[in-house]
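Throughout, a chain's letter reflects where its sequence line sits, starting with A, and its residues are numbered from 1. Please read these numbers as outputs of a predicted model, since none were measured by experiment.
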Protein chains: 2
Amino acid sequence: MRYSYQRELIKDIVRSSKTHPNAEWVFCEAKKKVENISLGTVYRNLKILENTGKIKSIHDDNQVRYDGNIEDHHHLKCVKCGALIDTDIQSNFDRKKIMDDYDFEPNEVKFFILGKCKKHTK
Amino acid sequence: MRYSYQRELIKDIVRSSKTHPNAEWVFCEAKKKVENISLGTVYRNLKILENTGKIKSIHDDNQVRYDGNIEDHHHLKCVKCGALIDTDIQSNFDRKKIMDDYDFEPNEVKFFILGKCKKHTK
DNA sequence: AAATTAAATAGGAATGATTACTATTTACAA
DNA sequence: TTGTAAATAGTAATCATTCCTATTTAATTT
Ligand SMILES: [Mn+2]
Ligand SMILES: [Mn+2]
Ligand SMILES: [Zn+2]
Ligand SMILES: [Zn+2]
């Protein structure tokens, strides 16, 4: 993999963000440093960074969002403002029961907890 | 809400399916009964049926799939063939811990268990 | 320090899922 | 029956994302 200033920039933007941004937001941030960077470059590098384990992606309804926190973790999602909040909540499921009851070999759980974040408590 | 043959048909197609189909599949099925039904009509009515609680929708990566099973339930998702399998697995999370630790008011959990269905066991 | 080469880019076109628009059709009530 | 507004078919538009390609650039070789 050849060095690319754009790719390093995109990685740093995602890694230092806490909002789980989408490609468009990353693009706008990147333009502050490379004024003529193209959106295609952002998408291509986000995918490369994901495939090489440098960042993670989250499918949030009809959009892809990116996460600079590559630790295994889950999220709270605010239904009011769309915020995604990192948690250390563990998912515990009964592997054997799933295999027995459904003839299915599980190996990962994805979940979000939907609700309201503190911004909306009156 | 005025009666519409197309809407009843779309409802019956989703209700009787077990595959959690997308709009395109529902459209193809519907054409077997109403040859010139339009895709827009399918999308519009799927949304109406969802909003009136007659069916549910599931965001599966970048596509919306529909579910005729309106009971509260979760799914196993096969990473090999994309199959979604209904389960009666319950999500148990500690509501109080979430409120205390994250200042977040949870009210629903969405999860999938990813893995391989029986079709891929050698 | 040039010349070489293939990877990466910018910019724009294409795609695919979904939604919006609009003239026509249809359910249903007066 | 006739009047009406809701629903439809057909099509155009939108939005996120991917694809294409001429040009630029990082890295290797002279
Ligand atoms: Mn996260
Ligand atoms: Mn289901
Ligand atoms: Zn919020
Ligand atoms: Zn499968």
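Per the geometry, CG belonging to B:Asn36 stands 10 Å off P belonging to C:dT26, to the nearest Å. Across the protein-nucleic acid pair, B:Glu35 atom CD and D:dG10 atom P stand 9 Å apart, rounded to whole Å. Regarding B:Phe27, its CZ atom lies at a distance of 13 Å from the P atom of C:dT18, rounded to whole Å. In this structure, the NZ atom of B:Lys47 is 9 Å from the P atom of C:dT18, given to the nearest Å. The separation between B:Asn22 atom CG and C:dG16 atom P is 14 Å, rounded to whole Å. For the pair A:Lys11 NZ and C:dA8 P, the computed distance is 14 Å after rounding to whole Å. The interatomic distance linking B:Lys31 (NZ) with D:dT8 (P) rounds to 17 Å, in whole Å. In this structure, CZ of B:Arg7 is placed 15 Å from P of C:dT26, rounded to the nearest angstrom.
A:Thr41 comes within contact range of at least one nucleobase, with a heavy-atom separation under 4.0 Å. Residue contacts shown for B:Ile37 are limited to sugar-phosphate atoms, with no base heavy atom under 4.0 Å away.
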message = Between B:Lys47 and B:Glu50, does the salt bridge (charged side-chain N to carboxylate O under 4.0 Å, His left out) criterion hold? Intermediate values first, please.
response = CA-CA 5 Å; B:Lys47 190 152 288 183; B:Glu50 184 189 357; over 6 Å; no
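Of the candidates C:dA7, D:dT8, D:dA16, C:dA7 carries the atom nearest the A:Arg2 side chain, counting heavy atoms from C-beta on. The side chain of B:Ser4 has D:dT8 as its nearest neighbour among D:dT8, C:dG11, D:dT17.
Taking a 6.0 Å sphere around CG of A:Asp72, one finds it holds 12 or fewer heavy atoms contributed by other residues, nucleotides or ligands. No more than 12 heavy atoms of other residues, nucleotides or ligands lie within 6.0 Å of NZ in A:Lys110, so this atom counts as exposed by the packing criterion.
Judged by distance alone, with hydrogens and angles left aside, B:Arg44 brings no side-chain donor or acceptor close enough to the base of D:dT8 to form a pair under 3.5 Å.
Ranked by how close their nearest DNA chain C nucleotide is to the 5' end, B:Met1 and B:Glu24 are led by B:Glu24. In this structure, B:Val64 and B:Tyr3 both approach DNA chain C, and ranking their closest nucleotides by distance from the 5' end singles out B:Val64.
Look at A:Gln6 and you won't find any side-chain N or O under 4.0 angstrom from OP1 or OP2 of D:dT25. Note on A:Tyr43: a side-chain N or O is less than 4.0 Å away from OP1 or OP2 of D:dT17.
Annotation: side chain of B:Asp67 is in contact with side chain of B:His75 (closest heavy-atom distance under 4.5 Å).
B:Phe111 pairs in a side chain to side chain contact (heavy atoms under 4.5 Å, CB included) with only one of the listed residues (A:Phe112, A:Phe111, A:Phe93), which is A:Phe111.
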